[in-house]
There are 2 protein chains.
Amino acid sequence: MEVENQFSKIASLIGDKTRSIMLWSLLDGKAYTATELAVSANITRQSASNHLSKLMEAKLILVEKQGRHRYFRLANEKVAQVIESMASLILDEKIEIKKSAEAKKLAFARTCYDHLAGKLSVEIVTSLMEQKIITLNDNSFEITDYGKDWFVELGINVESLKNEKRSFAHKCLDWTERRHHIAGALGAAILKNFLEKDWIRRKQNTREVIVTSLGESMLSEKLKIMI
Amino acid sequence: MEVENQFSKIASLIGDKTRSIMLWSLLDGKAYTATELAVSANITRQSASNHLSKLMEAKLILVEKQGRHRYFRLANEKVAQVIESMASLILDEKIEIKKSAEAKKLAFARTCYDHLAGKLSVEIVTSLMEQKIITLNDNSFEITDYGKDWFVELGINVESLKNEKRSFAHKCLDWTERRHHIAGALGAAILKNFLEKDWIRRKQNTREVIVTSLGESMLSEKLKIMI
DNA sequence: TTTATAATTCATTCTACACTGAACTATTTT
DNA sequence: AAAATAGTTCAGTGTAGAATGAATTATAAA
């Protein structure tokens, strides 16, 4: 098949009203059952099942079986990136006034797959670079010796992260900020760490992340970030 | 409207079979008339006109009037980036054997909007960096003093490019290579220069770019790139 | 001026494909 | 074992929205 038709096929696969909402729901990197996705997209289970098998066939999502449940999640971070990039067409409207409150909050701080995205996430990178905790090397971030201690103090053991199969700390383009944030094992560890310490909290049914007052003072102290 | 529905709307806008083929055609950054786009998408002019007005409304494309012709082109480079990112889901399949010959050629060298993309384009960046002709500074490339002379010798006046309104040489993520190439005024100037000198040639009806034998030896000499 | 070409608008038709209900398999629970 | 829950398959239905034809506007060429 010609490339343009392959493109057209994948575009219409993503572009269906219901499937696009499902993909949007899956953008937090979590795994959901068919029923859960059916409810959030407001369709029957049969219909959801049908859509999910189409997304599976195109390898946009994958499934894990657990007993009578089947958990669906995005196939990989790259799919998440594509969805994010499409969403950037609505999120970064020049005219601030037209941006909904919800969109603004998402632009400030949200999860993307398993790491942080939005303004906060790129400010973290800026601060870590300025403090020489991380450095940029081609396509990924590296941690300085000082940085290793800094992360240990934060509660993240950098060495053990490096043993994971996945990439350690690659750059991930933030579509609302048009700058990079940290993805990979380190990006995931930072999100987990901040959540565990209650610096930030997830909100129900959205990828939006809010900064707690504890988080506000800690981000200011450790990273010189003013919310 | 909730963000998920805004996303769904833009996704289905792009995701229509015919519109996606039109957008794919526009990806070379050139402007086409409604009739031309109708022919390449194999539909009537009325239908094309209808689709184009929808894409206009969403600000994905814009139009320039010239006499009785109306020339349509992508609204900006960002839209091109989004289309490219979606296409990356088909272009970078792990299983090489399944890649069509056409897709392989596109992955090697193609135009993206008004600059080069693909393997060749990121190799150019690598070489220019190694030779200290350009350096990376945050989100854009900068040219060294030595680099200025080097580009003048190539036939590109860097100073006059800087006076253009558009960004000079920002980074642009290459979706097949997952690394950056040069966009902006410099990226466009390089593509133009290479075409004029017949180092590379456009092919009809595709974004594919081929390297001439002259180009092969010049790229080897000037940039140490072996095709 | 007339004729040809480019593009759009609108009312109508058409169809791809999403949705539904019913029947089914596979687990878990009681 | 029976009942309940999760999910799928499939044949038939329904509809959003794409395609079309006819009419209209605008510009260019003859």
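So you know, we letter chains A, B, ... as the sequences are listed, proteins then strands, and number each from 1. Because the structure is a prediction, the values reported are computed rather than measured.
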Exercise for review: Could you list by number each residue of residues 42-49 of chain B showing a heavy-atom separation from DNA chain D of less than 4.0 Å, or answer none if no residue does?
Suggested key: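 DNA chain D contact set from residues 42-49 of chain B: B:I43, B:T44, B:Q46, B:S47.
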For [X] and [Y], which heavy atoms make the closest approach, and how far apart are they?
X	Y	result
B:S85	A:V82	O-CG2, 3.4 Å
A:H181	A:G118	ND1-N, 4.5 Å
A:L195	A:I200	CD2-O, 3.6 Å

Using a 4.0 Å heavy-atom cut-off, does [X] contact any base of the nucleic acid, only the sugar-phosphate backbone, or nothing at all?
X	value
A:T33	sugar-phosphate
B:Y71	nothing
B:S53	nothing
B:N50	nothing

Review point. Counting only heavy atoms not in B:E57, do more than 12 fall under 6.0 Å of its CD?
Key: no
Review point. Within 45 degrees of the axis of the six-membered ring of B:W24 and under 6.0 Å from its centre: does B:R207 put its NZ or CZ there?
Key: yes
**Study point:** Cation-pi, B:F168 ring and B:K162 (6.0 angstrom, 45 degrees)
**Key:**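 Yes, B:K162 sits over the ring of B:F168.
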Please report, rounded to the nearest Å, how far the [atom2] atom of [N] is from the [atom1] atom of [X].
X	N	atom1	atom2	value
A:H51	D:dT8	NE2	P	13 Å
A:D16	D:dA16	CG	P	14 Å
B:L55	D:dA18	CG	C1'	13 Å
A:M22	D:dG7	CE	P	11 Å
A:R19	D:dA16	CZ	C1'	14 Å

**Study point:** Nearest-0.5 Å distance, CZ of residue B:R110 to CD of residue B:E208
**Key:**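 Spacing of CZ (B:R110) from CD (B:E208) equals 11.5 Å.
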Check your understanding: Side chain of B:S8, backbone of A:S20: donor and acceptor closer than 3.5 Å?
Key -> no
Study note, to complete from the structure: When B:R166, B:R73, B:K30 are each screened for salt bridge (charged side-chain N to carboxylate O under 4.0 Å, His left out) with B:D114, the one that passes is B:R166
Review point. Hey, would you say the A:H180 and B:H180 ring centroids sit under 6.0 Å apart?
Key: yes
Check your understanding: Contact boundaries of DNA chain C with chain A (under 4.0 Å, heavy atoms), 5' to 3'?
Key ->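 Counting from the 5' end, contacts occupy C:dA18 to C:dT28.
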Practice item. Using the closest heavy atom to pick a nucleotide of DNA chain C for each, name whichever of B:K17 or B:E36 lands nearer the 5' end. Key: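 It is B:E36 whose nearest nucleotide is closer to the 5' end.
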Exercise for review: Tell me which residues in residues 61-70 of chain A put a heavy atom below 4.0 Å from DNA chain C, sorted by number, or none.
Suggested key: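 Output list: A:G67, A:R68.
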Review point. Under a 4.5 Å cut-off applied to non-hydrogen side-chain atoms, are B:F151 and B:I190 in contact?
Key: yes
